[in-house]
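Input: a single structure, listed below in structure tokens.
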Amino acid sequence: MKLTIDDIVRISGYSRATVCRVLAGKKNVRDSTRQAITNIIKENNYTSSSMERNWGHQHPVALIVGDLVDKESSFQLFHPQIIKTICQRMQKIGRECLIFDSGYSPEKEDEFIKRCIDLEVAGIFLLSATGTSLCLQNAAQRIPIVTINRHANTPFTDAILLDEYKCAYLAVQHLYELGHREICMVTEPKEIPLAYEMTRGYLDVCSQYKLWSAKKRIYQCDANYDDGFKLGRKILESNEKISGLFCVSYDMAAGIEAAFKEAGKIIPDDLSIVIFQYVFEQAQKNKERFTSVGAYNLEEIANAAVDTMIQRFEEGEKPNARRLSVMMDTYLIEGSSSAPYREK
């Protein structure tokens, strides 16, 4: 019967993490420990896992994503572009990529992380996922993990962060400087970092400018045109004197815009709109229609993640030495959907 890593753990009495470090040739193992495990391997004719035979000495990396393609919005190509760049960069250094789609399920993410450990991947990239801190922490003690667009409050993980707080701040600041004082925010109902950070930024900047009605003017709807249209009608029916609006989705904003136009309202004369737009190229393309915040360079985000992972491979540091946060910059691109306030 073939000897497994778990058999070596049982026979040697050492932890699985220690055995894996020895098998991977890591330096952070005592000589006596390494020798004891090596002796067991030789005595039992242990051969490396099927993964190592298939991939050679360069074990693959894994990408666990919340969604491979955002079906709700044709204007959000965040994951596909980042996945493509990461895969191309990793393949250049001889590492293939395994991709797992969690569907934003914490249970699936945890399951995939555990499977990646069993497959002995060299590292994991997490893109906007939602798993539990305990599972993530346990995995990060064994292999490098780089999170993208996720505030992972766990030790041993590196993070590439998007400044969504700043996005909301810039949006409201822009509207305020145009003379708007009745400003609302439209966000998703999902419990995701993007919604949380933008709401925090919106409330903080409104407090700074003494816009005390801000808390009452946070609307929620799903990120699609139809729900945006329904919300636009609801805002009009409420007779709220809103002149400025920050929206976290292009399709939401398009629906709200259509509802206002149906009611004979003019954008931006009757309502100035600023949207959150992930992709720089799309923000430039759509500036004739919407003023945008965000406008990230996705290649820079992916390259920052890969550079961090490669750094961990080269350093071979102990897990407690890992904790790097890289904050990507964000921009406001002025379009035709925002204009100075006009008193009615």
Side-chain angles (χ1 to χ4, degrees), residues 1-64 90 93-100 102 105-126 129-147 152-159 308-324:
M1 189 169 100
K2 180 183 179 296
L3 190 72
T4 66
I5 290 178
D6 289 331
D7 290 330
I8 298 172
V9 170
R10 177 176 50 78
I11 296 168
S12 69
Y14 291 105
S15 70
R16 199 176 196 281
T18 300
V19 171
C20 287
R21 284 199 294 273
V22 171
L23 291 171
K26 298 287 181 68
K27 296 178 180 179
N28 54 333
V29 181
R30 288 181 181 177
D31 290 341
S32 58
T33 301
R34 185 186 305 280
Q35 190 59 52
I37 293 173
T38 302
N39 288 341
I40 291 170
I41 290 170
K42 289 179 179 178
E43 289 167 8
N44 291 275
N45 297 316
Y46 173 80
T47 56
S48 207
S49 70
S50 59
M51 281 299 294
E52 185 165 317
R53 291 196 300 276
N54 290 336
W55 299 96
H57 293 296
Q58 293 280 63
H59 284 232
V61 295
L63 290 85
I64 302 177
M90 297 311 295
I93 63 169
R95 293 192 187 274
E96 299 297 334
C97 297
L98 308 178
I99 300 175
F100 300 88
S102 71
S105 163
E107 293 77 19
K108 278 189 177 180
E109 183 190 311
D110 286 355
E111 176 189 331
F112 290 148
I113 288 175
K114 291 172 184 175
R115 190 182 302 177
C116 287
I117 296 298
D118 289 338
L119 292 172
E120 299 174 29
V121 301
I124 299 175
F125 294 96
L126 282 177
T130 55
T132 62
S133 295
L134 180 59
C135 181
L136 184 59
Q137 181 174 330
N138 289 339
Q141 291 182 63
R142 300 182 180 185
I143 58 173
I145 293 181
V146 178
T147 66
N153 297 317
T154 56
F156 318 135
T157 58
D158 297 310
T308 303
M309 184 67 76
I310 291 174
Q311 180 182 335
R312 296 308 176 204
F313 290 159
E314 291 174 347
E315 292 172 348
E317 290 182 350
K318 294 181 180 179
N320 59 12
R322 296 199 296 262
R323 186 57 175 159
L324 173 70

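In this structure, the separation between OH on Tyr14 and CD1 on Ile37 is 6.5 Å, given to the nearest 0.5 Å. Between the CZ atom in Arg115 and the CD1 atom in Ile113 there is a gap of 12.0 Å [rounded to 0.5 Å]. Separating the SG atom in Cys116 from the CZ atom in Arg142 is a distance of 12.5 Å, to the nearest 0.5 Å. Rounding to the nearest 0.5 angstrom, the gap separating the CD1 atom in Ile124 from the CG atom in Leu98 is 10.0 Å. Summarising the geometry, atom CD1 belonging to Ile143 is positioned 13.5 Å from atom CZ belonging to Arg312; distances are rounded to the nearest 0.5 Å. Here the CG atom belonging to Leu136 is positioned 5.0 Å from the CD1 atom belonging to Ile145, to the nearest 0.5 angstrom.
With contacts defined as side-chain heavy-atom distances shorter than 4.5 Å, the pair Leu126/Thr157 does not qualify.
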- request: Report the C-alpha distance between Asn138 and Ile117 in whole Å, list the side-chain angles of each, state the deciding distance to 0.1 Å, and finish with yes or no for side chain to side chain contact (heavy atoms under 4.5 Å, CB included).
  value: CA-CA 10 Å; Asn138 289 339; Ile117 296 298; over 6 Å; no
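Between Asp110 and Cys135, the closest heavy-atom pair is OD1-CB, 3.5 Å. Considering every non-hydrogen atom in both Phe125 and Val61, the closest pair reads CE1-CG2, 4.1 Å. Annotation for Leu119 and His59: closest pair O-ND1, 4.5 Å, computed over non-hydrogen atoms. When all heavy atoms of Ala62 and Val121 are compared, the pair lying nearest together is CB-CG1, 4.3 Å. The two residues Ser12 and Val19 make their nearest non-hydrogen contact at OG-CG2, 4.2 Å. Across all non-hydrogen atoms, the minimal contact from Pro144 to Phe313 is CG-CE2, 4.2 Å.
For Asp31 and Gln35, the side-chain atoms include no donor-acceptor pair closer than 3.5 Å.
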